[in-house]
Amino acid sequence: MSGADYTTQGAVAVIRLDNPPVNGLGYAVRTAIVAGLDRATADPAISAVVLAGAGKSFSAGADIHELGTPKSLQEPNLLAVIREIERSEKPIVAAVHGVTMGGGLELALGCHYRVAAPSTQISLPEVKIGLIPGAGGTQRVPRVLGLETALNLIVSGATVPATMLAKTGLFDEVIEGDLLAGAVAFANRVASRRPLPIVRERSVTHPDAEAFLQFARNSVAAVAKGYPAPLKCVEAVAASLEPFEQGALVERRLFIELLNSPESKALRHAFLAERAASKVPDVPEDTATRPIHSAAVIGAGTMGGGIAMCFANAGIPVRVLEVKQEALDKGLATIRKNYEASAKKGKLTSAQVGERVSLLQPALSYADVAQADIVIEAVFEDLAVKEGVFRQLDEVMKKGAILASNTSTLDLNRIAAFTRRPADVIGTHFFSPANVMKLLEIVRGRETGKDVLATVLGLAKKLGKTGVVSGVCDGFIGNRMLARYVEQALLLIEEGALPQQVDGVMEKFGMAMGPFRVSDLAGGDVSWFIRKRRYAEHPGSRRQVIADRLCEMGRFGQKTSAGWYRYEPGRRDAIPDPVVEELIVSASREMAIVRRNVPAEEIVERCIFALVNEGAKILEEGIAQRASDVDVVYLTGYGFPPWRGGPMHYADSLGLYSVVRSMRRLAKNPHGDPAAWEPAPLLAKLAAEGKSFSASGSAP
């Protein structure tokens, strides 16, 4: 593969980008484009050039792995390639299809003409990785689409079908049928036209540009908290009202600023981390998988119903099993209600609601689910209950069916041992609400078959989930770390903070919700049940007294209108409750703790560094494959702010040496367990060597 191939069709040269899977504009591709242009220019028999893409796409833009590295600066960079295209004395026609985004769209805009297949999808998604278009996109797009349409496209990063823009200056023609043949015919027609149209030479006009741009700044500022790129997009597009060279300088300055910003580095890390998560070193990408044409879910409660919706949303028939008709009817009615609520919001049509509901099949007998390709148990988080389910499934399920457990903490190897087919058993830990949350923790048991793991990784994508593989331990990746996070939050309220203070600080840090609001949303009784199991398994462990007393009072959160906060009927506003404050203060008094003002910085350090330290242990034990997998779990399942890149990346950004120093300081706190702040061996080693999690080989 040379990056692009060069062929001729009569008097038209065809330069076809060839860098699978999406023709990213890496150094080899850029070099090959320029070489192809030089060849066409030097050949007197060539009168025009078509620039096209091999495979399923024109180009998805820059190679994100190169961004911020010396390779991205190697000439010719994309700006230089576009300048060479514009300077060509022979017309160059971009023939775009499939995905045409980011730098790929900027490359097309540098061409004299553009033709597109009707199915082409275009976008400038740089804002999603904390950047702005950096190769003239903020300057050329307003010149072909107008100020408002261009700004909306760039600030949102949204994908738009080419047909929506067919009558704008973006495309000269939308070609039905064979795109390349149509592009060559178009190139022949325009071969003699002069002067050649160049987008940069157009001007941008707007009847009231300043008023519109000020409105845009205000609107974007209101929703872009923590993300600098959206406002920089507005600033760059505003510069398109100036002469092109002047605006291009503004774009370049802003692009470089953002490229070096911690937010963009974090978002680029998250982007790459999510793609790396699906790769398992000992499971080749060509591993044979099992067909999944039908599914079954055991349990029609909140979690079971949400999982069933995931399959129906993906067009996979799913049987929902309950032991009692009343519970089954209630569960299916809830699912229908959820779909109808989506229809009222305009997210689904009535036809789509009917189609999805028709894929849900009720079942009251295990025999009814026996022929499913995969069955997911979603019953109460109790090992004895799950044992009964898996022994039944082992008896009735067809050979080759995948037996999955939605357990969030229990030992999957013990669950697999309840069957005579442990190779078919895997954990599929969905997050509530399952039909909304993106994360799927895929728990690999000691005997889980590689084909089963590969199948479920592929299924995760089909269900629209981000699958992250975890080994077996209590709580897997996410909940094991969460236990340490919550432990510090509870110690903080024993020492002097209140739930609303801890939540407020962590939400200001960027968490979607603070730990106490999360507890009330999830239901305090769930974590109480898990705590009681752990107390029984580890009799000498520290009791979480305040949380236990809260549950003993029947305060389980939103479901009981009272938890760490109180809730008004029909509302979810968390209202601080004097009853809880009295409970906390009296518990501190009993423990002989002199309450103090806890600084916000200490709250963040204790909660986040507890996550990091446990994450390091999880890495060292091989529970997670790489540090970036830990980040993906927290970004997609636990509300960690994307612009901080996940707990492990955040620790890297601070410097592991500094993190360890802070932990040594926190260990001097007389309250709590000093051992909790003993750095994990991996963390201590990396800090001592001046290394990071990402540079240690445990991240992409």
Side-chain angles (χ1 to χ4, degrees), residues 302 381 408-409 431-433 437 475 478-479 481-535 542-591 593 595-600 602-608 610-611 634 637-641 671-672:
T302 301
E381 186 74 346
S408 58
T409 58
F431 285 70
S432 186
M437 295 296 287
N479 282 344
M481 291 171 64
L482 184 68
R484 303 285 76 82
Y485 173 83
V486 170
E487 180 178 74
Q488 288 303 314
L490 291 170
L491 287 170
L492 283 162
I493 63 172
E494 289 178 6
E495 293 174 40
L498 291 172
Q500 58 267 32
Q501 181 193 358
V502 175
D503 283 349
V505 167
M506 295 314 299
E507 287 164 15
K508 188 174 181 181
F509 173 79
M511 299 297 288
M513 294 176 73
F516 297 101
R517 286 183 61 210
V518 168
S519 175
D520 277 0
L521 177 65
D525 52 334
V526 177
S527 52
W528 190 32
F529 183 84
I530 293 170
R531 285 199 303 275
K532 287 189 285 188
R533 171 178 66 79
R534 288 172 175 163
Y535 294 158
R542 181 190 183 94
R543 298 305 198 254
Q544 293 177 345
V545 176
I546 298 174
D548 291 347
R549 288 184 183 174
L550 195 76
C551 290
E552 287 163 5
M553 295 166 65
R555 298 178 66 112
F556 298 141
Q558 290 184 15
K559 66 176 71 175
T560 57
S561 298
W564 293 105
Y565 301 92
R566 66 181 180 84
Y567 300 87
E568 299 288 353
R571 300 185 62 181
R572 294 190 175 186
D573 300 345
I575 304 168
D577 193 335
V579 173
V580 175
E581 183 172 345
E582 174 54 34
L583 169 64
I584 292 169
V585 170
S586 63
S588 298
R589 192 182 305 119
E590 286 177 28
M591 296 180 214
I593 298 169
R595 293 180 66 79
R596 62 185 175 90
N597 290 323
V598 184
E602 181 183 342
I603 292 173
V604 170
E605 284 190 340
R606 286 174 63 173
C607 290
I608 300 301
L611 284 177
Y634 267 78
Y638 291 85
F640 203 92
H671 185 59

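Of the candidates R543, R531, K532, D548 forms a salt bridge (Lys or Arg N to Asp or Glu O under 4.0 Å) with just one, namely R531.
Side chain of E381 to main chain of F529: no donor-acceptor pair is present (N/O by atom type, distance under 3.5 Å, no hydrogens or angles). A distance-only check finds a donor-acceptor pair linking the side chain of D520 to the backbone of Y565 [under 3.5 Å]. Remark: side-chain polar atoms of R595 are paired, donor with acceptor, to backbone N or O of A497 under 3.5 angstrom.
At least one side-chain heavy atom of P499 sits less than 4.5 Å from a side-chain heavy atom of I493. Put simply, the side chain of C607 reaches to within 4.5 Å of the side chain of L492, judged on heavy atoms. You'll find the side chain of K508 stays beyond 4.5 Å of the side chain of I603, heavy atoms only. Using a 4.5 Å cut-off on side-chain heavy atoms (C-beta onward), T302 and S432 make contact. Two residues are said to be in side-chain contact when any heavy atoms from C-beta on lie closer than 4.5 Å; E495 and R606 meet this criterion. In this structure, S561 and R566 have side chains that are not in contact, with every pair of non-hydrogen atoms separated by 4.5 Å or more. At a threshold of 4.5 Å between non-hydrogen side-chain atoms, the residues V604 and M506 count as touching.
If you take CD on Q544 and CH2 on W528, they are separated by 13.5 Å, rounding to the nearest 0.5 Å. Note: I546 CD1 to C551 SG = 12.5 Å, rounded to the nearest 0.5 Å. Considering CG of D577 and CG of L498, their distance stands at 11.5 Å, rounded to 0.5 Å. To the nearest 0.5 Å, the span separating OG on S519 from CG on L550 amounts to 7.5 Å. Taking CD from E605 and CD from Q488, the interatomic distance works out to 11.5 Å, rounded to the nearest 0.5 Å. Here the straight-line distance linking atom OG1 of T560 with atom CE of M553 works out to 10.5 Å at 0.5 Å rounding.
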- Query: Taking it one step at a time, do I575 and E568 satisfy side-chain contact (heavy atoms from CB on, under 4.5 Å)?
  - Reply: CA-CA 8 Å; I575 304 168; E568 299 288 353; 3.6 Å; yes
- Task: Please lay out, stage by stage, how K559 and D525 fare under the test side-chain contact (heavy atoms from CB on, under 4.5 Å).
- Result: CA-CA 10 Å; K559 66 176 71 175; D525 52 334; 3.1 Å; yes
- Quick one: do R549 and E552 satisfy salt bridge (charged side-chain N to carboxylate O under 4.0 Å, His left out)? Show the steps, please. CA-CA 5 Å; R549 288 184 183 174; E552 287 163 5; 5.5 Å; no
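Using a cutoff of 4.0 Å between basic side-chain nitrogens and carboxylate oxygens, E507 and R517 are scored as salt-bridged.
Contact between V502 and A489 at its shortest, heavy atoms only, is CG1-CB, 4.4 Å. Between M511 and P641, the closest heavy-atom pair is SD-CD, 3.7 Å. Closest of all the heavy-atom pairs between M437 and G637 is CE-O, 3.5 Å. Contact between A600 and V505 at its shortest, heavy atoms only, is O-CG1, 3.6 Å.
Of the N and O atoms on the side chains of R534 and T409, not one donor lies less than 3.5 Å from an acceptor on the other residue.
In this structure, Y638 and Y634 have parallel ring planes: the angle between them is below the 30° cut-off, well short of the 60° mark. Classified by interplanar angle (parallel below 30°, tilted 30° to 60°, perpendicular above 60°), the ring pair F516/W564 is perpendicular.
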